Visitor: 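Just passing along the structure, written as structure tokens.
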Amino acid sequence: MTPYSRSCKLVNWVLGTDPRMRGRTRLCLLASVLYLVWICLISTGIEAGLFISAHAAQWAIALNVVAMLIGYPIVRSGKSMHWQDPAMVLPQMVGAQALACFAYATAPDARGALMQWMCFIQVFGLFSLSPREVKLSGTSSILVLVLMLFIASSLGLPDFNPGEQTLRVVMQGFVMGILCWVSYHYSLMRSRVRAQQQELTLTVKAVQDIIEHDALTGLFNRRHMQLLLQAEMDRCQRSGHRFCIALVDLDHFKFINETYGPHVGDEVLKNFGRHTRMILRETDVIARWGGEEFLLIMPDTNPSERAKIGLERLRRSLLLQTMSSKAPDLRATFSAGIAVYHQGETMDQVLDRADRALYQAKEQGRSRTILSADDISLGS
């Protein structure tokens, strides 16, 4: 194993292989790194006498260690995958604000830096929180700050002047409120953009379906089938494998329309397409070629007798199907012509051979499948 592959394996182990999870685990690792930085700063602050007591500093370290170890394991394990906040950004922000407020009350000389840190925490979820979550984080952060002021004033902590700290908390709350307002409107804009992107994706898909599919049967239309046929020809040119096409024509369809009406004829076409997709292989492709005529692409079907077997299975199955609710006794039969694609052949050539085989099937009494004369020697 090369050093590069080992490093990739390590990255996958740390971040996960799911693209959605990787972004979330990166965010949790960033939060863990920031907690680790604060643990180092608090350890340094103990020696510098920044805290009112060593006991308070030890509590601050312990709380940061707990916070550092909670988020990443849960997100990396995938347990939060289906949560509303899978990266746990909101609880981590509220927890970080609570820890900052604890340090603010117990480290008098670090209060200026801690106020800036609280502002940084407020924008931590700028790119991931929903508008509702932004409001929750902003409200929670201000409430935690007010709660800290009340508790510290009630306990009479050293170097904590209630009047002075009240003014500072009011100013800090105002700044955090502004940050929350900015984050909220940014989140609203991001949500609108995401909704527009989803709407555009659905619109593009709908337009693509209209372009590629026949409106009546839901099958591929002639234009898209030509593209698929060309792609299959190119694939076979590269691989050397042959495939079959089959032109299928519903028997006596004009009689059905004239006898039962065009609505019944439309129902027959739809049910034929639906049932054909159910009976044939998943790899086979069917399209409405025009009117009551359909084209099938049957990949890796050589010798061509396998294609005939598939079509005969479809023919027997159709005899048991009700093709129209308005004419329950009506059954559908079809004639088919099969042609095997030959290397170097054009699309028109293979289609012409299948069409001539279809014509022979009609001439010989319909409800049968005929193999192109050029492929008879390949049929066994």
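Computed from a prediction, not measured in an experiment: that's the story for all the values here. Just so it is clear, the values below take in all heavy atoms, side chains as well, and ignore hydrogens, waters and symmetry mates. Quick note: residue numbers are just sequence positions, from 1.
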Visitor: Does NZ or CZ of Arg288 come closer than 6.0 Å to the centre of the six-membered ring of Phe220, within 45° of the ring's axis?
Guide: no
Visitor: Does a salt bridge link Arg368 with Asp251, judged by any charged N lying under 4.0 Å from a carboxylate O?
Guide: no
Visitor: Could you check whether Arg111 makes a cation-pi contact with Tyr104, meaning its NZ or CZ is under 6.0 Å from the centre of the six-membered ring and within 45° of the ring axis?
Guide: yes
Visitor: Look at the side chain of Asp284 and the backbone N and O of Leu280, then say whether any donor-acceptor pair between them is shorter than 3.5 Å.
Guide: no
Visitor: Return yes if some donor-acceptor pair links the side-chain N/O of Ser187 with the main-chain N/O of Leu129 below 3.5 Å, else return no.
Guide: yes
Visitor: Compute whether any side-chain donor of one residue and acceptor of the other, for Gln97 and Ser140, lie under 3.5 angstrom apart.
Guide: no
Visitor: Test of understanding: with side chain to side chain contact (heavy atoms under 4.5 Å, CB included), list the residues that count as partners of Ser128, not counting sequence neighbours.
Guide: Leu27, Val89
Visitor: Pair Asp234, Arg238 - check salt bridge (charged side-chain N to carboxylate O under 4.0 Å, His left out), show working.
Guide: CA-CA 6 Å; Asp234 294 340; Arg238 295 190 301 268; 5.5 Å; no
Visitor: Taking salt bridge (charged side-chain N to carboxylate O under 4.0 Å, His left out) as the test, write out the residues that go with Asp249, two or more places apart.
Guide: Lys362
Visitor: Would Phe272 and Phe294 count as a close aromatic pair, with their ring centres under 6.0 Å?
Guide: yes
Visitor: Among all residues two or more places apart in sequence or in another chain, which pass the salt bridge (charged side-chain N to carboxylate O under 4.0 Å, His left out) test with Glu293?
Guide: none
Visitor: Between the side chain of Arg26 and the main-chain N/O of Arg24, is any donor-acceptor distance below 3.5 Å?
Guide: no
Visitor: For the aromatic rings, using the six-membered ring if either is Trp, is the centroid distance between Trp181 and Tyr184 under 6.0 Å?
Guide: no
Visitor: Step by step, work out the salt bridge (charged side-chain N to carboxylate O under 4.0 Å, His left out) result for Asp266 and Lys270.
Guide: CA-CA 6 Å; Asp266 289 347; Lys270 288 190 287 187; over 6 Å; no
Visitor: Please evaluate residues Glu312 and Arg316 with respect to the criterion salt bridge (charged side-chain N to carboxylate O under 4.0 Å, His left out), reporting the C-alpha separation (whole Å), side-chain torsions for both, the decisive distance (0.1 Å), and the verdict.
Guide: CA-CA 6 Å; Glu312 290 305 317; Arg316 290 193 301 269; 5.1 Å; no
Visitor: Under a 3.5 Å distance rule, please check whether Arg353 uses its side chain to pair with a backbone N or O of Val340 as donor and acceptor.
Guide: yes
Visitor: For the pair Asn221 (side chain) and Ile211 (backbone), establish whether a donor and an acceptor sit closer than 3.5 Å, ignoring hydrogens and angles.
Guide: yes
Visitor: Using modelled atom types only, decide if a donor and an acceptor are shared between the side chain of Glu345 and the backbone of His342 within a distance under 3.5 Å.
Guide: yes
Visitor: Quick one: do the Tyr341 and Gln237 side chains pair a donor with an acceptor below 3.5 Å?
Guide: yes
Visitor: Under 3.5 Å, is there a donor-acceptor pair between the Gln208 and Glu212 side chains?
Guide: yes
